[in-house]
Amino acid sequence: MGEIETVNETDFIWINGAPMGVKQVVLYDAVGTDHIPAVVGASLVSKGDEDPIGYIASKHIHTSPHTLLEVGFTGWPIYRTGDSLIIEILTPAHISNDVREQKNAWLFNYPPARDTAKMISNLDCETFTVLTSTAFDIQIKMKGHAEECVVIESEEIGKEGVFNSLQPLWGWLPAFLYNIESEGGNILLIPAHGATNESLPYEDTSIRQAIGILKEQGFDTKGALMRSKSIYKTASSEASEAAKMAGEMVARAKNKMKKDSTNGGMFA
């Protein structure tokens, strides 16, 4: 019926047994700082393959990076289409509000990232690609941030002279750790949509280019462009609403601070 494969501190729960004949694997953070990588990754899942073939469950399952108990979440889904696997990271990295405990994101997310890289290496696939964006680069105004998609080979991560990009853990760590075990890993850095109230026209994004690169790497992208347009429309609408809400919250917070600062003063 099912099979549980344990790698160090992480369980891989396969619905109908461990996958065989996998040639390519893509991993993306569905709740990352920008929604474009998720649009690209989700577009690879073809019609009829929407049900996961397995899940990733960390031994840290009862901690906030890996479970949403109120909705019964128990793991990150793994999809299969053709000879490709698509891994979707669905819960945000946890960072404590306690200044003395800012290592939480690393401590909780390193084990599953390490074990996932090891599991993928054991599949003996040809290509492993981590999708990520330039969102942080734009936010801190890094010079020379990517305006087009950039492929960074795993063995080049962190080396001098290689394109620099500020990435969250799930935007680089799995590819870096995969390189310790195998060859063929890389990061696909995709220009971010950004936190704007208005959605960019689909043609102004780098989604088409990203899908083209994945096709060159061997991924089955048949139908991905059409699916990406539909997914992008929905995701951008939700992202725009979130940006508006965030703007309103910031405005209310500033007004409250301003009001509190005048309480008891000459303008009270």
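Shown here are the side-chain contact (heavy atoms from CB on, under 4.5 Å) partners of Ala30, two or more places apart in sequence or in another chain: Tyr28, Glu88, Leu90.
Residues Ile190 and Asp34 are not in side-chain contact: their nearest non-hydrogen atoms beyond the backbone lie 4.5 Å or more apart. Proximity of Leu214 to Leu188: side-chain heavy atoms (C-beta onward) are separated by under 4.5 Å at one or more points. Thr81 has its side chain out of reach of Phe219: every pair of non-hydrogen atoms, C-beta onward, lies at least 4.5 Å apart. Considering only heavy atoms from C-beta on, Asn186 comes within 4.5 Å of Thr127 through its side chain. The side-chain heavy atoms of Ile53 and Asn16, taken from C-beta on, include no pair separated by under 4.5 Å. You'll find the side chain of Leu189 reaches within 4.5 Å of the side chain of Gln167, heavy atoms only. Between Ser228 and Ile211, the closest side-chain pair of non-hydrogen atoms falls below 4.5 Å. No side-chain heavy atom of Val22 sits less than 4.5 Å from a side-chain heavy atom of Asp83.
Looking only at atom types and distance, the side chain of Thr10 has no donor-acceptor partner in the side chain of Ser58 under 3.5 Å away.
To the nearest 0.5 Å, the span separating CD on Glu156 from CD1 on Ile187 amounts to 11.0 Å. Between the CD1 atom in Ile120 and the CG atom in Asp115 there is a gap of 11.0 Å [rounded to 0.5 Å]. Rounding to the nearest 0.5 Å places CH2 of Trp170 at 8.5 Å from CG of Asp29. Atom CZ of Arg227 and atom NZ of Lys222 lie 10.0 Å apart (nearest 0.5 Å). The CG atom of Asn164 sits 14.0 Å away from atom NZ of Lys159, with the distance rounded to the nearest 0.5 Å. Here Ile157 contributes atom CD1 and Ile152 contributes atom CD1; the two are 7.0 Å apart, rounded to the nearest 0.5 Å.
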Worksheet item: Going through the checks in order, is the salt bridge (Lys or Arg N to Asp or Glu O under 4.0 Å) test met by Glu9 and Arg114?
Response: CA-CA 9 Å; Glu9 300 173 67; Arg114 174 200 63 202; 3.2 Å; yes
Discussion item. One pair to check against side chain to side chain contact (heavy atoms under 4.5 Å, CB included): Tyr110 and Leu169. What are the steps and the verdict?
Written reply: CA-CA 8 Å; Tyr110 175 82; Leu169 288 178; over 6 Å; no
Worksheet item: Would Leu225 and Tyr202 count as a side chain to side chain contact (heavy atoms under 4.5 Å, CB included) if you check the C-alpha gap in whole Å, the side-chain angles of each, and the deciding distance to 0.1 Å?
Response: CA-CA 11 Å; Leu225 283 177; Tyr202 177 89; 3.7 Å; yes
Fill in: Residue pair Ile36, Ser133: steps toward the side chain to side chain contact (heavy atoms under 4.5 Å, CB included) verdict
CA-CA 7 Å; Ile36 298 297; Ser133 79; 5.6 Å; no
Item to complete: Apply the test side chain to side chain donor-acceptor pair (under 3.5 Å) to residues Asp11 and Thr6: give CA-CA distance (whole Å), side-chain angles for both, the deciding distance (0.1 Å), then the verdict.
Response: CA-CA 4 Å; Asp11 292 330; Thr6 300; 2.7 Å; yes
Worksheet entry | Residue pair Leu85, Leu123: steps toward the side chain to side chain contact (heavy atoms under 4.5 Å, CB included) verdict | CA-CA 11 Å; Leu85 295 185; Leu123 294 175; 3.7 Å; yes
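A distance-only check finds no donor-acceptor pair linking the side chain of Gln217 to the backbone of Lys215 [under 3.5 Å]. Under a 3.5 Å cut-off, the side chain of Arg80 and the backbone N or O of Gly82 do form a donor-acceptor pair. At least one donor-acceptor pair under 3.5 Å links the side chain of Thr116 to the backbone N or O of Pro112.
Nearest heavy-atom pair across Ala235 and His35 is CB-CD2, 3.8 Å. For the residue pair Asp220 and Ser84, the shortest heavy atom distance occurs at N-OG, 4.0 Å. Taking both residues in full, the closest heavy atoms of Glu147 and Ser206 are given as O-OG, 4.3 Å, listed atom of the first, atom of the second, then distance. For the residue pair Ile86 and Gly41, the shortest heavy atom distance occurs at CG2-O, 3.9 Å.
Classified by interplanar angle (parallel below 30°, tilted 30° to 60°, perpendicular above 60°), the ring pair His193/Tyr232 is tilted.
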When the side chains of residues 172-181 are checked against the rest of the protein, which donor-acceptor pairs come out under 3.5 Å, sequence neighbours left out?
from: Tyr178; atom 1: OH; to: Glu183; atom 2: O; distance (Å): 3.4
from: Glu181; atom 1: OE1; to: Lys118; atom 2: NZ; distance (Å): 3.3

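A side-chain hydrogen bond (donor to acceptor under 3.5 Å, both in side chains) with Ser165 is found for exactly one of Thr132, Asp137, Thr134, namely Asp137. No option in Leu44, Val45, Val26 other than Val45 meets the side chain to side chain contact (heavy atoms under 4.5 Å, CB included) test with Tyr79.
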